[in-house]
Amino acid sequence: MIQYTIRRLFLAIPTLFGVTLLVFSMVRMLPGDPAQAMAGVHATREYIEQVRRTLGLDQPLHIQYGRFMLGLFRGDLGTSIRTGLPVSQEVWSRMLPTLELTLVSLFLATFLGVAVGVISSTKPYSVFDYASMFGALVGLSVPVFWLGLMLMLLFSVRLGWLPAAGRGGPINLILPSVTLAASSVALVARFTRSTMLEVMRQDYVNTARAKGVRQSTVVMRHALRNALIPIVTIIGLRFGALLSGAVLTENVFAWPGVGRLMVESISARDYPVVQGAVLMLALAFVVINLVVDLLYGVVNPRIQYD
Amino acid sequence: MTRKTLLLACVLLVGLGAWAAPKPGGEMVIGFGTDPESLDPNKITSAPAGMVLTHIAETLLLMTEDLKVAPLLVENWTISEDGLNVLLYVRKGVVFHDGAPLNAEAVKVNLERFRKSTYAFLLFPRVNTIDVVDEYTVRLNLDKPFAPLIAHLTHNFVAIVSPKQIAELPEGKDIAEPVGTGPFKFDKWVRGDYVRIVRNDNYWGEKPYLDSVVFKVVPSDATRLVLLETGQIHAMMRVPPLDAPRVAATKGLELLQIPSVRTIYIAFNYQKAPFTDVRVRQAINYAVDKEAIVKEILGGVGGVSDAAIMPLVFGHSPQEPYKYDPEKAKSLLADAGFPKGFKCTLYHPTGRYMKDAAVAEAVQAYLLEVGIEAQLITMEWAAYLAFLRKPVNEATFDMFMLGWGCVTLDADYGLFALFHTSEWAPVGSNRSFYSNPTVDSLLELGRVAPDPTSRKAIYASALKTLWEDAGWLYLHYEGQLNAQRTVAKGLIHHPREYILAHKAWLDQ
């Protein structure tokens, strides 16, 4: 297991290397000039050229990439074009709020989604089943910014129970994380339900029932345990969706996360920050996927890592 | 007097007292759209950054909300007869937040730092040397007279910070936590979230009432409004025009309409047919109903342009409007040899200015009525700026929409960079390649003419030529739609797109 983990971590290096190459070339394919964006509408050409030289953007692309990679090996992500701060500092201070938001949403998606899915599957075609699956369909279909505003109107403006937006105590996390988690809860619930229905038809479930095992034990120990592998997979994949959904959620809820930083930096053509932010997000995604792979073994001990 | 009337009188008096006397203490929260890009005076280019900085680091002169130049850190100034020497008399008894005294040397250090910065060409193009005459007098020596200089000393680029801070700043680093002389001191900046400032108890002027002010970054207009309604913020910028009637009708909220100094225009490619023909440019001005655009699309926020600069800018003089007249437009086009109109491109940004895309669509529809088929092309902002910065032989556009905020409130800032031949892109901001020797010489004259009266006359004739030349499709100047809670008193909503809390207090 430890060996497997180490091997997987090493395998992550080429993945992240690929990410650097991809994001490096992609931001440079965007039309628009970072030197001009930084210099502003009023700047003269002379000044724009001076900015370009200072930023090293007058160098050929392979040299720029080489410098970027060299910095990376020394743990230096470069300096933000827009603010002049080290990228690592800028990205890290904005990464924490995003991780806070996405992890709470992932938690919600997992527990709420699995719970609703399991209950629905044990009472298929009941009122609860129909209602929850309809709710899931709605959760999947509504756009994040609309849902966010509606929740805000209801819980902040009308009822006055929750703060509308902004980061603060745990109470500030409720609305944004529910908004961000909605589509994932829906997906996990629907997925759990269908997987559970399939598993419930298996012979070993019938055997368990024939032995006279209690319904709750049948569901939790015999059925759910076996349905978990695909569910864990889908949850791992949802993390990526949550990270990208965070961009919109952060905007609606004035959440100072890395998603907003990325959008702002793309507008300003702040290449180093975009690169740094994407790299950190990719790293988070790789780590979560590794955790998911390791969870397979916990869920199903027959899976061996060697 | 019965007891009842006496009681009533007392209540009234107390009420009046509460109305009149500001209450000290409390924290005011102001919501705005984008995080400041920097708090280094030499680096700030956006209104949000300027708004925050204005509370911390003061400028030499002040641009008041009714757009007059008033003394601030400089009490008085004199300009020599030849216009080549400007004497600034620095206010005495002012100390920075770190205890360093404000004197001529401190001002010199700041101005020298600014001169090395990237925007010096914009504000200080003619300043050669800076001398300390005595402890409280600074002299600016110019190589040529530069009349807008005094207005430029109100710009945030030249906000004064402690010389100690400048001396201790590592080479190549920006100021992140400015130490100024302002009524508030820098406290904390959580990037992307908020900037907090606290009262400066040693302020030289009238001390502020509030303990602290928080500038909260809320990118979504709709969310900002919700925060105002729930009381999480006390004032906000940019109310969506659609929500304006509702805000105005909500108890506890106030809707405010403030002028802005930004002019929105559509420029032509001057070096490309058919826009080389003045009749075509005039026809386009007659073809578009600007009144309807301001009324229907902008909801009456702002006004129809009557010159290349907006009415509050020094040097403005109103011109005879191009009244909406499609028939006249058609006949002008026919005279120019385009009885059936022509096809062209119209580039515009989306989301940069108020309702920019909708305005472009309206213009397109009006032009179609007179036979001009304009193809609308929109671009993301950074790409758009780069596209509009090509030299004349590479420029492919026919028309484009842009705005220009004349923040110094002086005609020079709003005209020279946009119309002088020496400013043709990619060197300067004359992206439409406008060139007219008369305008060039008038704009040069406006810079060196010493007295305001003659400058006014010079700009009046420059504006007239630009208007008759149909230099742009003149559209409108923007307005700001802000809102605040009624408990927020004494806030100043400034045309520079600032909300200022210098004298604000909370009535709660």
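Numbered from 1 within each chain, the chains take letters A, B, ... in sequence-line order. Given the structure is predicted, the values throughout are model-derived calculations rather than measurements.
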Please state whether the side chain, the backbone, both or neither of [X] comes within less than 4.5 Å of a heavy atom of chain B.
{"X": "Leu261(A)", "answer": "neither"}
{"X": "Ser93(A)", "answer": "neither"}
{"X": "Leu85(A)", "answer": "side chain"}

### Message
Can you tell me if Met69(A) has over 12 outside heavy atoms packed within less than 6.0 Å of its CE?
### Response
yes
### Task
Return each pair, listed once, that meets ring-ring contact (aromatic ring centres under 6.0 Å, His included) where at least one residue sits in residues 66-106 of chain A; pairs must be two or more places apart or across chains.
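Not a single pair qualifies under ring-ring contact (aromatic ring centres under 6.0 Å, His included).
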### Task
Would you mind checking which part of Thr230(B) comes under 4.5 Å of any heavy atom in chain A, side chain (CB onward), backbone (N, CA, C, O), both or neither?
side chain
### Query
Are any side-chain N or O atoms of Gln232(B) and backbone N or O atoms of Ala165(A), one a donor and one an acceptor, separated by less than 3.5 Å?
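Between the backbone of Ala165(A) and the side chain of Gln232(B) there is a qualifying donor-acceptor contact (under 3.5 Å).
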#### Entry: Between Leu418(B), Leu227(B), Thr34(B), the one whose heavy-atom pairs under 4.5 Å with chain A are most numerous
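Going by pairs under 4.5 Å, I would pick Leu227(B).
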### Query
What is the distance from atom CD of Glu229(B) to atom CZ of Arg158(A), rounded to the nearest 0.5 Å?
9.0 Å
### Task
Measure the CD-CZ distance between Glu90(A) and Arg191(B) for me, rounded to the nearest 0.5 Å.
5.5 Å
### Task
Check Asp35(B), Asp193(B), Val217(B) against Arg260(A) for a side chain to side chain contact (heavy atoms under 4.5 Å, CB included) and give me the one that passes.
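With Arg260(A) as partner, Asp35(B), Asp193(B), Val217(B) yield a single side chain to side chain contact (heavy atoms under 4.5 Å, CB included), made by Val217(B).
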#### Entry: ring pair (Phe, Tyr, Trp, His ring centres under 6.0 Å) against Phe387(B), all qualifying residues, sequence neighbours excluded
Tyr347(B)
### Query
Do any pairs count as a side-chain hydrogen bond (donor to acceptor under 3.5 Å, both in side chains) and have a residue in residues 162-172 of chain A, sequence neighbours left out, and if so which ones?
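For residues 162-172 of chain A, and leaving out neighbouring residues, the side-chain hydrogen bond (donor to acceptor under 3.5 Å, both in side chains) pairs sorted by first residue read Glu100(A)-Arg167(A).
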### Message
Assess whether a salt bridge exists between Glu380(B) and Arg269(A), defined as any Lys/Arg side-chain N lying under 4.0 Å from an Asp/Glu carboxylate O.
### Response
yes
### Query
Any residues in residues 240-259 of chain A near chain B, with a heavy-atom distance under 4.5 Å, and which are they?
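Result: Asn251(A), Val252(A), Ala254(A), Pro256(A).
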